[in-house]
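Below, chain A is the first sequence line, B the second, and so on; all start at residue 1. FYI, side chains are in, hydrogens and waters are out, and symmetry mates aren't considered; it's all heavy atoms of this structure.
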2 protein chains.
Amino acid sequence: MADRNAANLMGRGESLLFLTDDQLRRGIEAMFFAYRGFTADPDRILQDFGYGRAHHRAIHFINRSPGTTVNNLLSILGVTKQSLNRVLRTLVEDGLVDSRVGTRDKRERHLFLTQKGADLERALSEAQRNRMRDAFRNAGPDAVAGFRAVLEQMMDPDMRRHYQEGGDGSR
Amino acid sequence: MADRNAANLMGRGESLLFLTDDQLRRGIEAMFFAYRGFTADPDRILQDFGYGRAHHRAIHFINRSPGTTVNNLLSILGVTKQSLNRVLRTLVEDGLVDSRVGTRDKRERHLFLTQKGADLERALSEAQRNRMRDAFRNAGPDAVAGFRAVLEQMMDPDMRRHYQEGGDGSR
DNA sequence: TTGGAAAGTCAACAAGGCTGACTTAAACTG
DNA sequence: CAGTTTAAGTCAGCCTTGTTGACTTTCCAA
């Protein structure tokens with residue numbers, strides 16, 4: 001039964017790779033279940049603030065690229081500006097995000113985390129990093145590279161660009 | 001700069017693992033961007049039917065375990081029964097899912113895909129498998145094992161149980 | 001046999017996606 | 001300089017998918 005639908009047997013003399021439909025299904029379910037675990041800790045923290053995942057994503061990428069514009073955030077998050085605006089508005093109103101008119105181009109708004117925003121960011125990312133660190137530790141060093149390689153291949157090209165640009169260049 | 005916050009240097013004499021906050025942040029973003037790619041193809045197909053991801057998830061797990069009960073599905077999907085019920089109702093109304101009253105326990109409903117439901121399942125999973133197969137191929141055989149190992153570690157224990165039970169035992 | 005637990009359903013609400021139409025201000029361009 | 005494009009924001013309304021609360025039907029065990 002393991003041989004039906006087997007793909008890529010002896011690709012280029014590499015080790016055998018059984019990519020049966022069943023193996024692929026397992027990969028699909030792994031993504032599904034793992035993503036739930038991945039978001040579980042931040043979700044719990046956000047609930048106490050009355051925020052959701054959308055707020056987390058905005059906070060994360062503003063922290064990653066301080067001074068980023070709304071438009072840039074839009075292309076990273078892949079949502080409509082109406083959707084992002086609703087989230088951003090509450091974050092600014094609540095004093096987590098500072099929106100400053102651009103100096104070079106006054107149409108643009110540059111986004112920064114306030115101290116309060118940075119505090120929440122830290123709590124959220126710390127929880128998420130802890131889980132990822134434990135997963136990496138338990139899976140072992142070799143697994144980490146494979147994890148990242150497969151995920152990178154799974155991205156749409158536009159998102160892969162954003163992902164790579166977010167790196168520190170030390171590759 | 002790569003050395004601040006470095007964790008797990010020389011864990012047990014294994015190869016060096018630099019788990020800096022920045023490396024972990026990269027892993028977090030990899031999950032975020034990859035999950036979007038992972039769901040993109042099915043999302044497009046579902047749109048033509050007026051369905052969403054919730055329908056996809058139900059269809060997937062009914063296909064995996066034909067005759068499963070609503071309660072079992074509930075514990076896998078981790079949503080409220082009211083939320084699942086709405087999705088299930090439309091699938092039954094549209095003739096994609098067959099809901100049969102249990103013979104032993106008449107409170108239970110056993111769920112099956114109809115031919116029509118199986119057809120949609122196939123279209124969805126085929127698109128998703130194609131993407132995963134390509135990702136696996138491009139990342140290479142070693143990466144696949146690492147990918148799965150890390151994801152499994154990232155799951156909450158309850159979900160890991162569901163994940164492992166869904167395997168074919170050939171490990 | 002009756003009371004509680006389990007399975008499922010109905011109603012109403014909220015978050016966060018979406019589209020479409022529109023305004024304002026700034027920047028660019030012929 | 002006039003006209004167009006671009007960035008940002010707003011308002012209205014819709015949909016999916018999550019939630020809670022109240023309810024019925026069915027089963028089982030004390």
Phe61(B) and Phe32(A) aromatic centres sub-6.0 Å: yes
Base-contact (B) and sugar-phosphate-only (S) positions in nucleotides 9-20 of chain C, heavy-atom cut-off under 4.0 Å, - elsewhere: BBB----BBBBB
Integer-rounded Å distance: dA6(C) C1' and Asp105(B) CG: 8 Å
Donor-acceptor pair between Thr69(B) and Arg109(B) side chains, under 3.5 angstrom: no
First-last contacting nucleotides on DNA chain D - partner chain B, under 4.0 angstrom, heavy atom: dT16(D) to dC27(D)
Lys NZ or Arg CZ of Arg100(B) over Phe112(B) ring: under 6.0 Å, within 45°: yes
Set of residues satisfying ring pair (Phe, Tyr, Trp, His ring centres under 6.0 Å) with respect to His60(A), sequence neighbours excluded: none
Gap between atoms CG and C1', on Leu73(B) and dG8(C) respectively (whole Å): 13 Å
Donor + acceptor pair across side chains of Asn130(A), Glu126(A) (<3.5 Å): no
Cation-aromatic face contact Arg131(B)/Phe136(B), 6.0 Å, 45 degrees: no
Touch class at under 4.0 angstrom, heavy-atom based, for Thr69(A) against every strand present: sugar-phosphate
Aromatic contact, Phe147(B) with Phe147(A) (centres under 6.0 Å): no
Validation row: Arg160(A), Phe33(B) side chains within 4.5 angstrom (heavy atoms): no
